[in-house]
Undergrad: 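One structure coming up, written as structure tokens, with questions to follow.
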Protein chains: 2
Amino acid sequence: MDMEAGTRPATDQEIYQRLWSAIAERQIGPGTRLKEEQLSEIFSASRARIRQVLQNLARDGLITLVPNRGAFVSQPSTEEARDVFFARRTIEERLVEKLCATIDAGGIDRLRNHVEAERRAHSNRDIAAAIRLSGAFHLLIAELAQSQILADLLRDLVSRTSLIMAMYRQKDVLNCGPDEHNAIVDCIVARDARKALAVMHHHLAHIENQLDLETDRVAARNLEDILGA
Amino acid sequence: MDMEAGTRPATDQEIYQRLWSAIAERQIGPGTRLKEEQLSEIFSASRARIRQVLQNLARDGLITLVPNRGAFVSQPSTEEARDVFFARRTIEERLVEKLCATIDAGGIDRLRNHVEAERRAHSNRDIAAAIRLSGAFHLLIAELAQSQILADLLRDLVSRTSLIMAMYRQKDVLNCGPDEHNAIVDCIVARDARKALAVMHHHLAHIENQLDLETDRVAARNLEDILGA
DNA sequence: ATGCGATGAATTGTCAACAATCATCTGGAA
DNA sequence: TTCCAGATGATTGTTGACAATTCATCGCAT
């Protein structure tokens, strides 16, 4: 949220990151249409580059590309939502299991510090930061587990999870606190792979169970207000 | 291997499929440079579309895009190779486990028929078909297990595995026969999830263990001879 | 003879204009 | 009034040309 738009060029990666954040952090609601020309003005980039970025976002499942119609922020169905959680359990259970065997002191420090940061954001009622850090925790585990392929996939799945929660979260349930994350770190530090796996499973199942199974549509918001200067 | 090139336009998907097959089935060796103009002539498509396809292939790990240099068929390192197998074990063990719980009669038929086709190709010494069917078996399991996300990822991993085997397979070892696949099907039919998981693990470990851990470079071949008319 | 710097060809990156496609709106007939 | 057909405007898809970058070659000084 730092660089001004509409003035100077922006690299492809910046545009991608910017849109990714805006979607994953729920600033742009599911179903919102993303027009190429509109984006090219906002980022002062040519349409060709915007198009390239949109294709990357589509491949990550964050947006849906409809031929001759354009790009829309994805609206995952309940089946897709369940599939995302199935894939996350598959991957993350294995990653924490591996991490228990390979973690070192530096890794433990990074995990502890991260959970601490989550706790601060939570007590400060900083919802946006809490959401971002909550996802980043899972990505940190993947990074420390040293499986590039699964880490890359998990990055996509985490952002899709944000999208899913934006659509299906019941309104009274707040974002889960850092307590469960802390429990996972404890298991890793104790090198108890069996328990770490179980706690991770419970954690993900917990999140999934908080969701509502009816389809909701979310009103589209104005892009310039979010991405513009 | 049916459509003639250089004459009529080809849709993006066709170009992608064509290159994907050529790389995954080892007709184009690792390290081969793919020039955009060359490909645009072969497929009689504009460079922009070629570029688009190349980016998709890069995201699937089949080719590597070097800025301002071009596209090269990937040469996975030994670490990346191990990571691919780690990811495959993670995913496929879970998929066969799930499949044991959800398989129906139609699915069993498809599995049996596929293994039979593999057996025929193997006894006919049809190496290309054997390679293709061997990969397709794993994809069939993923399809039947009904997890779109993991199936998509596995598709990429299977083609990367072909690339890895092209680079690191010891020359005397032939492609594994259909016997292990048959054993996996037996476990699924018996709905023995625990054993299915173990047999799948063994199968993938077996393939990985057949590999050599030294780096080999493979000579580049001529593109027109493979993709051209 | 060897190393270093300039030159040039080849290739990728970028862009703006053009063509094709789709949604919407209008108007008329049943 | 309702439905369908056609025109219209907006948006995406595609193309070819141009700019930027890289690699290889050659010349030159040491």
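The sequence lines fix the lettering, A, B, ..., with proteins before strands; numbering per chain opens at 1. This structure is a prediction, so every number in the text was calculated from the model and none was measured.
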Undergrad: Assuming nearest nucleotide by heavy-atom distance, tell me which of A:A48 and B:E37 is located more 5' along DNA chain C.
TA: B:E37
Undergrad: Nearest-Å distance, CG (A:N68) to P (C:dA19)?
TA: 17 Å
Undergrad: Rounded to the nearest Å, what distance is computed from the CD1 atom of residue A:I50 to the P atom of nucleotide D:dT12?
TA: 11 Å
Undergrad: In whole angstrom, what separates B:R69's CZ from D:dT21's C1'?
TA: 11 Å
Undergrad: Give the ring-plane orientation class for A:H203 versus A:H138, where under 30° counts as parallel, over 60° as perpendicular and anything between as tilted.
TA: parallel
Undergrad: Would you give the length of the straight line joining atom CG of A:L154 to atom CD of A:E143, rounded to the nearest 0.5 angstrom?
TA: 12.0 Å
Undergrad: Measuring to OP1 and OP2 of D:dG13, would you say a side-chain N or O of A:R51 lies under 4.0 angstrom away?
TA: yes
Undergrad: Take atom CD of A:Q55 and atom P of D:dT12, then tell me their distance rounded to the nearest Å.
TA: 14 Å
Undergrad: Do you see a donor-acceptor pair shorter than 3.5 Å between the side chains of B:Q52 and B:N56?
TA: no
Undergrad: Once you round it to whole Å, what is the distance between P of C:dG13 and CZ of A:R49?
TA: 12 Å
Undergrad: How long is the line joining CZ of B:R47 and P of C:dA10, in whole Å?
TA: 15 Å
Undergrad: To the nearest Å, how far apart are B:K35 NZ and D:dC23 C1'?
TA: 12 Å
Undergrad: Within this structure, what is the CD-to-P distance between B:Q52 and D:dT15, rounded to whole angstrom?
TA: 11 Å
Undergrad: Are the side chains of B:Q148 and A:E79 in touch, meaning some heavy atoms are under 4.5 Å apart?
TA: no
